[in-house]
Amino acid sequence: MTEIDSYVDKAPKQLFIGGKWLDADSGEVDDVVNPATGKVITQVARGGAIDAEKAIDAAQAAYPVWASLPVDERAKILRKVADLITEKADELAAIMTIEQGKPLAQAKGEVLGGAESVRWHAEELRRVYGETIPGPNGHLFLVQKEPLGVVAAITPWNFPSSMITRKISPALAGGNAIVLKPSPETPLSATALMKIFQEAGIPDGTVNLVMGDAPAIGKVLTSSNLVRKITFTGSTAVGKMLFGQSAETLKKVSLELGGHAPFIVFDDAPIDKVVGDLVSSKFRNNGQVCTSPNRIFVQEAILAEFTEKLIAAVKKVKVGNGLEEGVDAGPLIREDAIGKIQRQINDAVEKGAVLETGGKRLTDGAYANGNFYAPTVLTGVTTKMDIFYQETFGPVLPVIVFKDTDEVIGMANDTNYGLASYFYTLDLKRIAKVSQGLQYGMVGVNSNTVAFTQTPFGGVKHSGFGRENGHQGIDDYVNVKFINLNYGI
Ligand SMILES: O=CCCCC(=O)O
């Protein structure tokens with residue numbers, strides 16, 4: 001057995017409910033598949049409605065225990081979680097690469113970023129402050145923040161570890177207990193994290209894990225009166241469905257959904273630096289990121305030089321099994337992802353776009369059994385093409401030419417999505433105008449990064465609502481209570 005196989009072997013395969021590792025009530029299991037080889041690597045318990053109910057009950061019993069622990073004690077447990085994640089980063093990264101496909105270095109970066117998120121929230125939970133407000137004579141007006149109770153977190157496969165820590169950390173900081181439903185594609189990253197929470201001594205039932213039958217589990221979580229918040233990262237279509245299902249019980253909902261990020265390059269931008277930033281950002285997780293640059297707007301005066309350099313850089317991107325040294329882009333998660341990308345590219349080419357490089361599935365040799373796709377650049381992309389409006393979630397860079405600032409702001413905003421956006425220019429007046437004009441939750445100015453533990457992450461329009469990270473993130477996991485204290489009685 002290789003070292004990596006032993007990590008998979010050691011990772012728990014069961015549900016985690018009320019501090020116990022359990023098989024699914026049905027006794028069923030699901031396969032876990034490596035997208036780089038198409039091979040089944042293991043099987044995990046396939047939870048369903050009954051298991052979800054049990055997890056909710058365990059969380060409901062546990063949250064008052066967790067919420068009433070002194071802040072120092074809660075902080076200590078979360079610091080321990082962060083330390084254990086850091087200590088086991090190589091193991092967690094290998095598990096992630098095997099079940100999700102991303103290159104090992106990216107997987108390790110994600111794991112360590114998740115540890116940092118837990119560490120930051122371990123400190124910030126001391127600062128869930130209330131307020132006093134001047135009242136009339138004899139009255140003290142108090143505002144305090146209280147736990148919501150049970151929070152259900154539904155997390156995606158593209159960041160199998162950091163999306164869990166990004167939701168669990170603020171929920172725990174707010175004094176809540178959690179039922180986690182991870183993606184069926186990446187259950188092992190979730191079970192490995194649960195084991196760490198257990199090892200760190202979190203009280204039983206404070207974090208619970210139910211993976212398996214997504215529609216059945218989702219239905220129970222959204223319709224339960226005990227679950228007071230749903231937090232979801234994933235597609236806009238599923239987000240809308242969960243939001244609808246949650247209406248009946250009027251729970252809080254945070255939705256971090258799809259994106260179609262514009263990446264705008266003005267003619268005064270330093271081209272080599274911008275190409276470097278664009279390629280590293282686009283091929284992070286092979287474009288399977290809600291904040292990935294999806295529409296590349298280039299000002300006409302620099303179009304020729306920019307595209308030539310971009311094509312050269314994209315041709316150097318090494319595609320392969322994420323466990324191999326030097327690989328920049330792994331496989332796509334599933335076969336159907338390839339079909340969607342191919343349809344967008346075919347549509348663009350039929351309508352006049354030029355395929356500069358890529359545009360096909362890779363099937364030779366080591367690529368034979370995996371979901372590999374060639375890094376792709378399209379030029380001459382216009383608003384007539386599906387790729388202008390549909391989120392891509394893959395390794396495709398569609399280049400669109402523009403003339404001036406007003407035109408590009410209009411084109412960038414011509415989408416239902418509103419998550420991340422990026423632009424590059426050295427002109428201060430333009431920086432002010434464009435950053436105000438972009439209808440997005442996050443704007444990177446001369447930067448390809450918008451996700452930091454200490455800053456609010458989230459979108460507008462069909463990219464969802466609610467924020468994660470920063471103190472704004474914790475505010476999404478508490479109730480605000482007003483107390484009118486009449487001391488003049
Ligand atoms: O796909 C969206 C998850 C968040 C990605 C990020 O942290 O940049």
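Any value given below was found using the heavy atoms of this structure, including those in side chains, with hydrogens, waters and symmetry copies removed. Note that ligands are numbered from 1 as they come in the structure, with each ligand's atoms numbered from 1 the same way. Remember, it's a predicted structure, so these values are computed and weren't measured experimentally. Note that the numbering runs from 1 along the sequence shown for the chain.
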Basic-acidic side-chain contact under 4.0 Å: [X], [Y]:
X: Glu199; Y: Lys88; result: yes
X: Asp83; Y: Arg119; result: yes
X: Asp475; Y: Arg467; result: no
X: Asp328; Y: Lys316; result: no
X: Lys340; Y: Glu391; result: no

I need the atoms of ligand 1 closer than 4.0 Å to a non-hydrogen atom of [X], numbered in the order shown.
X: Ala451; answer: 7 (O), 8 (O)
X: Val289; answer: 1 (O), 5 (C)
X: Thr291; answer: 8 (O)

Give yes or no for whether the N/O distance cutoff of 3.5 Å, strictly under, is met between [X] and ligand 1.
X: Asn158; value: yes
X: Arg166; value: yes
X: Arg284; value: yes
X: Phe159; value: no

What part of Gln288, side chain, backbone, both or neither, has a heavy atom within less than 4.0 angstrom of ligand 1?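 It is neither part, as no heavy atom is under 4.0 Å.
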Heavy atom of the protein closest to atom 2 (C) of ligand 1 (residue, atom name, distance): Cys290 SG, 2.1 Å
In a check of salt bridge (charged side-chain N to carboxylate O under 4.0 Å, His left out) between Glu123 and each of Lys76, Arg79, Arg74, which one passes?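 Answer after filtering Lys76, Arg79, Arg74: Arg79.
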Do the ring centers of Phe306 and Tyr424 come within less than 6.0 Å of each other? no
